[in-house]
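Following: one structure in structure tokens, then a few remarks.
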2 protein chains.
Amino acid sequence: MTDTKEAKRAGRPRAFDPDAGVAAAMRLFWEKGYDAVGVAELAQTIGINPPSLYAAYGSKRELFGRAVAHYAGTQGRFFARLDAEGPAFETLVAVLEEAARSGTGDATARGCLVLDGTRNCTDPGARALTAEVRADLREKARSLIARERPDVADSAADYFMFVLTAISGSAIDGVPLERLMQDIALAGRGLGAILGRG
Amino acid sequence: MTDTKEAKRAGRPRAFDPDAGVAAAMRLFWEKGYDAVGVAELAQTIGINPPSLYAAYGSKRELFGRAVAHYAGTQGRFFARLDAEGPAFETLVAVLEEAARSGTGDATARGCLVLDGTRNCTDPGARALTAEVRADLREKARSLIARERPDVADSAADYFMFVLTAISGSAIDGVPLERLMQDIALAGRGLGAILGRG
DNA sequence: GAGGTTTTTTAGTGACCGATACAAAAGAGG
DNA sequence: CCTCTTTTGTATCGGTCACTAAAAAACCTC
């Protein structure tokens with residue numbers, strides 16, 4: 001589609017950086033959720049007009065897809081820990097704590113874009129975009145757990161997503177990081193129980 | 001304002017039951033969230049025209065307030081258990097399980113209206129309506145716990161709301177009741193830990 | 001019946017939604 | 001210079017948003 005390289009093509013050069021636009025859009029979607037962000041608002045924040053937005057990204061939904069991917073690569077980078085070697089229990093708890101930090105680090109963009117960005121969203125395509133990332137995330141947790149306890153990998157992965165859902169929702173509701181850390185410690189008891197004391 | 005009694009007043013009689021309208025509106029708000037439900041859709045579901053809706057309820061937000069109150073009095077009736085006498089741990093877990101049942105009982109209206117009905121909602125007034133109910137709920141849990149363990153009442157009440165948030169969000173994401181029950185059992189380990197073995 | 005009161009219906013308000021038609025503008029290559 | 005290509009800004013598309021003005025309709029009391 002669009003060549004990301006700076007190879008000078010014919011035609012009038014683009015006056016803005018599409019990647020920077022994705023980052024700005026991500027921030028907006030994260031703060032307000034998919035439906036609550038309008039195309040006009042997106043364009044104004046990026047510093048362009050709506051036609052430039054459609055020419056560069058295709059549609060609001062496609063821009064959201066780029067934003068979700070950017071979110072996963074920045075705010076959600078710590079989930080890569082699930083792929084690394086190491087004890088499951090400690091890794092999972094550490095990831096939950098990182099999620100709490102990410103979801104409370106900025107007062108204007110709380111919670112998780114992937115978990116709550118399409119809540120009550122009317123666009124099935126946008127919902128599917130976040131649902132796919134959630135499914136990938138659950139699978140990462142499941143396979144990590146399966147290395148130690150394949151018998152409980154599904155149940156423990158479900159519980160991991162369960163706690164993750166609580167973290168994002170609570171962060172959005174204004175629960176501060178310190179309390180989230182306490183909640184994670186308590187929820188970790190359940191994780192330790194099913195994993196047989198990590 | 002409007003006399004709920006059937007005392008025959010002057011003027012053309014109302015052709016619909018306002019309470020039944022609230023129930024229908026509640027169902028719609030529960031299924032889709034505040035922002036995703038339009039006034040035209042509400043009116044059509046109730047079986048009236050928009051002007052009748054405004055004459056009877058005042059505004060979309062006020063109708064939502066009535067709907068939330070109706071929800072609390074029907075779907076959320078089991079929260080009254082928090083006011084009853086009894087051991088805190090068993091009561092809290094039972095309430096969490098009831099919440100899971102309520103949030104998964106109907107495939108078309110999942111989760112909790114109070115916890116997730118105004119997620120990503122652009123109307124601050126509507127958000128405040130659900131936030132107030134959530135605060136009341138947390139206070140009920142806190143005072144129940146305080147009867148046994150005043151020292152940990154705040155932390156345990158926070159954790160209770162944390163788990164409740166997970167239940168509603170997970171139910172919306174499609175997690176079936178059986179898995180939610182497993183998750184609650186695991187989360188209950190943390191509750192038992194902070195309450196000192198319920 | 002007439003007058004008063006309230007709800008009904010029809011029709012429409014301005015504002016915003018996502019998405020576009022169109023032509024001027026700005027580059028490359030000839 | 002001219003042509004080709006792509007992006008730009010302007011101005012708008014039809015549709016939906018929450019909400020309402022206005023008048024007909026349906027009850028009351030007299």
Side-chain angles (χ1 to χ4, degrees), chain A residues 1-21 25 28-29 32-67 118 120-127 129, chain B residues 1-21 25 28-29 32-67 118 120-127 129:
Chain A
M1 178 101 359
T2 24
D3 204 343
T4 146
K5 289 296 177 189
E6 297 264 341
K8 289 205 173 178
R9 311 183 312 284
R12 180 171 174 169
R14 185 164 274 147
F16 71 102
D17 177 6
D19 290 329
L28 225 45
F29 284 129
K32 310 214 235 177
Y34 182 81
D35 275 358
V37 178
V39 169
E41 186 181 9
L42 283 165
Q44 185 170 349
T45 300
I46 298 175
I48 59 178
N49 298 109
S52 296
L53 187 151
Y54 284 92
Y57 306 109
S59 68
K60 177 185 174 186
R61 178 162 55 227
E62 289 173 273
L63 174 54
F64 180 69
R66 297 269 305 262
T118 56
N120 294 324
C121 174
T122 58
D123 185 328
R127 297 179 87 117
L129 282 170
Chain B
M1 181 97 0
T2 24
D3 203 343
T4 147
K5 289 297 177 189
E6 297 264 341
K8 289 204 171 179
R9 311 183 313 283
R12 177 169 176 170
R14 186 164 273 147
F16 71 103
D17 177 6
D19 291 328
L28 226 44
F29 283 129
K32 311 215 237 175
Y34 182 82
D35 275 358
V37 178
V39 169
E41 185 181 10
L42 283 165
Q44 185 170 347
T45 300
I46 298 175
I48 60 180
N49 298 111
S52 296
L53 186 151
Y54 283 92
Y57 306 109
S59 67
K60 177 186 173 185
R61 177 162 55 228
E62 290 172 271
L63 174 55
F64 181 68
R66 297 269 305 262
T118 57
N120 295 324
C121 173
T122 58
D123 185 329
R127 297 178 86 117
L129 283 170

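Chain letters run A, B, ... following the sequence lines, proteins first and then strands; every chain starts at 1. All values below come from the heavy atoms of this structure, side chains included, with hydrogens, waters and symmetry mates left out. Since the structure is predicted, the reported quantities are computational estimates derived from the model, not experimental observations.
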- Message: So, using side-chain contact (heavy atoms from CB on, under 4.5 Å) as the criterion, who are the partners of A:N49 when residues are at least two apart?
- Response: A:P51
- DNA chain C contacts made by residues 34-52 of chain A, counting heavy atoms under 4.0 Å: A:V37, A:G38, A:V39, A:P50, A:P51
- Query: Rounding to a whole Å, what distance do you find between A:D123:CG and D:dT16:C1'?
  - Reply: 15 Å
- Closest non-hydrogen atom pair, A:T122 against A:D35: N-OD2, 2.8 Å
- Query: Heavy atoms, side chains only, cut-off 4.5 Å: are A:K60 and A:L53 in contact?
  - Reply: no
- Over how many whole Å does the gap from A:R14 atom CZ to D:dT8 atom P extend? 6 Å
- Rounding to 0.5 Å, atoms CD1 (B:I46) and CG (B:L63) come to a distance of 5.5 Å
- Query: With the sugar-phosphate defined as primed atoms, P, OP1 and OP2, and the base as all remaining atoms, what B/S/- string results for nucleotides 23-30 of chain D, 5' to 3', for protein heavy atoms under 4.0 Å?
  - Reply: --BBBS--
- Of all heavy-atom pairs between A:C121 and A:A126, which one has the smallest distance, and what is that distance? SG-CB, 4.0 Å
- Query: Does some side-chain heavy atom of B:V37 sit less than 4.5 Å from a side-chain heavy atom of B:F64?
  - Reply: no
- Can you tell me how far CG of A:N120 sits from CZ of B:F29, rounded to the nearest 0.5 angstrom? 11.5 Å
- Separation of C:dT7 atom C1' from B:Y57 atom OH, nearest Å, is 13 Å
- Task: Would you tell me if any nitrogen or oxygen in the side chain of A:Y54 comes within less than 4.0 Å of OP1 or OP2 on C:dT20?
- Result: no
- Query: With a 4.0 Å cut-off on heavy atoms, is B:F16 in touch with a base, just the backbone sugar-phosphate, or nothing at all?
  - Reply: sugar-phosphate
- Message: So, using salt bridge (charged side-chain N to carboxylate O under 4.0 Å, His left out) as the criterion, who are the partners of B:R12 when residues are at least two apart?
- Response: none
- Sequence-distant partners of A:E41, salt bridge (charged side-chain N to carboxylate O under 4.0 Å, His left out), two or more places apart: A:K32
- Spatial distance of atom CZ (A:R127) from atom OH (A:Y34) [nearest 0.5 Å]: 12.0 Å
- Message: Rounding to an integer number of Å, can you tell me how far B:K32 NZ sits from D:dC17 C1'?
- Response: 14 Å
- Whole Å only: how far is the CG atom of A:L63 from the P atom of C:dA19? 11 Å
- Task: With axes from five pairs an end, tell me the bend angle of the helix from C:dG1-D:dC30 to C:dG30-D:dC1, nearest 10°.
- Result: 10°
- Item | OH-CG distance between B:Y57 and B:L42, expressed to the nearest 0.5 angstrom | 9.5 Å
- Message: If I take atom CZ in residue B:F64 and atom P in nucleotide D:dC19, what distance separates them, rounded to the nearest angstrom?
- Response: 14 Å
